[in-house]
Number of protein chains: 2
Amino acid sequence: MYLCVMYSSELIKGTLKTIVLKLLSETKQMYGYEITQKVKELTDSKIVITEGALYPLLHQLEAEGIVTTETVNIGKRIRKYYSLTQTGTERAKDKIYEFADFINTMNILLDLKPSVKYV
Amino acid sequence: MYLCVMYSSELIKGTLKTIVLKLLSETKQMYGYEITQKVKELTDSKIVITEGALYPLLHQLEAEGIVTTETVNIGKRIRKYYSLTQTGTERAKDKIYEFADFINTMNILLDLKPSVKYV
DNA sequence: CAAAGATACATAAGAAAATTATGTATAAGC
DNA sequence: GCTTATACATAATTTTCTTATGTATCTTTG
């Protein structure tokens, strides 16, 4: 899920998938809980992903062939690692590019400068 | 509503209120249809607001005391102008600032540079 | 001048995506 | 031993948008 300490929840809606794909495109293998912690850390707790939003999304991405999973036993606990498929890697790139473009458009609308360039 | 030609609809969720408040904070008095056209024009049709999303939002903002309305007759047609209240003006400022901050956070998450400054 | 498209409002049914709550279970820290 | 952190999962509800529909006037174009 998305529990947002700093931003109104409506603002963050729809960005979860982009965030997850970005993290997976950088780290190759991550498990759910790890993703929530990484986002919290990187955003100074401004964006906090909740499990109720994350796990269903991960399951959906798996069903769509965007990620594959590998379940590992850590002591008696399980950990489910997610990694991008080839399709997923393409999709991640597209999503991030789309978001960068979206930010540019919003900057124009809201008179924020300078615009963001995705290189 | 939001019919988005260019962006996946999920991406834009939650930005409608920010956009509307921004436009009203610049133009003082706008009517619904005018807002849809202005957004289309400013974003090169990348973001197209649909009536099914816009009108309910405007009614909600009015119920919350963020905007007031003035109905004007244009020939035999009516036009409903919306303008920010004092509360609304504050709210608009907050919302825009929040969005700018959100963009900065997302830039960090997604490695997009440079970051956006809201001056 | 008739038809099509643009202007201008409104609402309701449905879908999508999150929140909130709940559940289970192990490991670590105090 | 109790609390907090780790680690998964799902279900009910809410929010927010999409899609569809409705009404009506004005303008453009063939």
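Protein chains get the first letters and strands the later ones, always in sequence-line order, with residue 1 at the start of each. Predicted model, so just to flag it, every value in this text is computed and none were measured.
Taking the side chain as every heavy atom from C-beta outward, B:K17 and B:L57 approach each other to under 4.5 Å.
A salt bridge is absent between B:E34 and B:K38; no separation between the charged side-chain nitrogens and carboxylate oxygens falls under 4.0 Å.
Two residues, B:Y82 and B:R77, neighbour DNA chain C, and the one matched to the more 5' nucleotide by heavy-atom proximity is B:R77.
Rounded to an integer number of Å, the gap from A:Y31 OH to C:dA27 P is 14 Å. Atom CG in A:L57 sits about 12 Å away from atom P in D:dA9, given to the nearest Å. Taking atom CD1 of residue B:I74 and atom P of nucleotide C:dC9, one finds them 10 Å apart after rounding to whole Å. Regarding B:E51, its CD atom lies at a distance of 12 Å from the C1' atom of D:dT21, rounded to whole Å. With rounding to whole Å, A:E64 atom CD is found 13 Å from C:dA17 atom C1'. Distance B:Y55 OH to D:dG22 C1': 13 Å, rounded to the nearest Å. Atom CZ of A:R79 and atom P of D:dA5 are 17 Å apart (whole Å). Rounded to whole angstrom, the span from the CG atom of A:L54 across to the P atom of C:dT20 amounts to 16 Å.
The side chain of B:Y33 places no N or O atom within less than 4.0 Å of a non-bridging phosphate oxygen (OP1 or OP2) of C:dC9. Phosphate contact (OP1/OP2 of D:dA9, side-chain N/O of A:K80, threshold under 4.0 Å): present.
Out of D:dC8, C:dA10, C:dA18, the shortest distance to the side chain of B:H59 is found at C:dA10. Distances were taken from every side-chain heavy atom of A:K76 (C-beta onward) to each of D:dA7, C:dT26, C:dC9; the shortest belongs to C:dT26.
The main-chain N or O of B:M30 is never found under 3.5 Å from a side-chain atom of B:T27 such that the two would form a donor-acceptor pair. Between the A:S45 side chain and the A:E41 main chain, no donor and acceptor come within less than 3.5 Å of each other.
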